[in-house]
Amino acid sequence: MRPQNQLHILFSRREIAATVSRLASEIRQDYHEKYPLLIGILKGSFMFLADLIRHLDFPLEVDFIGLASYGKGTQTSGKIKVVQRLQSPIEGREVLVIEDIVDTGLTTAFCLDYLRREKPASLKLCALTDKPSRRQVPVTIDYLGFTVPNKFLVGYGLDLNQKFRNLPDICFIEEED
Ligand code: PRP
């Protein structure tokens, strides 16, 4: 019989909501007078960013950058491509990058290097999840939601072959016969 993907909840929607709220408090403390520009890395960060900014009751702007690293399936290709450029200039801005997961770190490291060349006033990173066991390049995460085990995660924006982004919980996949 063909193996099926079994989904198991790692972080429930309630745990995610509490963590997003906690991250928003930390960000609020540091940025409420800075008129920051939050940059979501597409596609995975869209749900996290949308929930996060609902908690941020101070002036800010939002932009997106489209980066892609993974080919099909669960293996990274190691090559990062800009598939959608920023709309706004970031020179002199207080920039906070919003990422759903830091895995090998290649995407985030590429993104931070790419943005740093545009001379923002400051550049920090908020990641909902961090999988340090897979890291290939060092990445400093300034605001972190969850440290996660070395399992393939889907849901809450995270995908497998573009599927499962709509799940409200963060789940891991196990292949079972
Ligand atoms: C995923 C995820 C991160 C990146 C993390 O994006 O959203 O951006 O991989 O992996 P890394 O730390 O090993 O680079 P992906 O390239 O799959 O595109 P997506 O956001 O459109 O799903």
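In what follows, residues are counted from 1 in the order of the sequence shown. Everything quoted here is computed from the prediction, not taken from an experiment. Whatever order the structure lists them in is the order used to number ligands and atoms, beginning at 1. These values consider heavy atoms only, across backbone and side chains, with no hydrogens, waters or symmetry-generated copies.
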Where ligand 1 meets [X] - atom numbers and elements under 4.0 angstrom, heavy-atom basis:
X: Lys43; answer: 19 (P), 20 (O), 21 (O)
X: Gly44; answer: 19 (P), 20 (O)
X: Thr104; answer: 11 (P), 12 (O), 13 (O), 14 (O)
X: Gly105; answer: 11 (P), 12 (O), 13 (O)
X: Asp159; answer: 22 (O)
X: Glu99; answer: 3 (C), 7 (O), 8 (O)
X: Ala68; answer: 16 (O)

Evaluate the ring planes of Phe146 and Phe11, with Trp represented by its six-membered ring, and classify them as parallel (under 30°), tilted (30 to 60°) or perpendicular (over 60°).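 Rings of Phe146 and Phe11: parallel, as their planes differ by under 30°.
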
With side chain to side chain contact (heavy atoms under 4.5 Å, CB included) as the test, pick out the partner of Leu125 among Val97, Thr140, Ile39. Val97

Here's a test for you: under side chain to side chain contact (heavy atoms under 4.5 Å, CB included), which of Ile41, Asp130, Leu128, Thr129 qualifies with Ile101?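 Answer after filtering Ile41, Asp130, Leu128, Thr129: Thr129.
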
Taking the side chain as every heavy atom from C-beta outward, state whether His8 and Lys151 have any atom pair closer than 4.5 Å. no

Would you call Leu42 and Gln84 a side-chain contact if the rule is heavy atoms closer than 4.5 Å?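 When only atoms from C-beta onward are counted, Gln84 and Leu42 do touch, with a gap below 4.5 Å.
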
Would Glu94 and Ser122 count as a side chain to side chain donor-acceptor pair (under 3.5 Å) if you check the C-alpha gap in whole Å, the side-chain angles of each, and the deciding distance to 0.1 Å? CA-CA 5 Å; Glu94 309 280 351; Ser122 68; 2.5 Å; yes

At a non-hydrogen distance cut-off of under 4.0 Å, which region of [X] contacts ligand 1 (side chain, backbone, both, or neither)?
X: Arg135; result: neither
X: Asp100; result: side chain
X: Leu42; result: backbone

Should Asp57 and Arg28 count as an ion pair when the cut-off is N to O under 4.0 Å? yes

May I ask whether Gln136 has any heavy atom positioned less than 4.0 angstrom from an atom of ligand 1?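 No.
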
Gln162 CD: over 12 foreign heavy atoms closer than 6.0 Å: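 Enclosed.
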
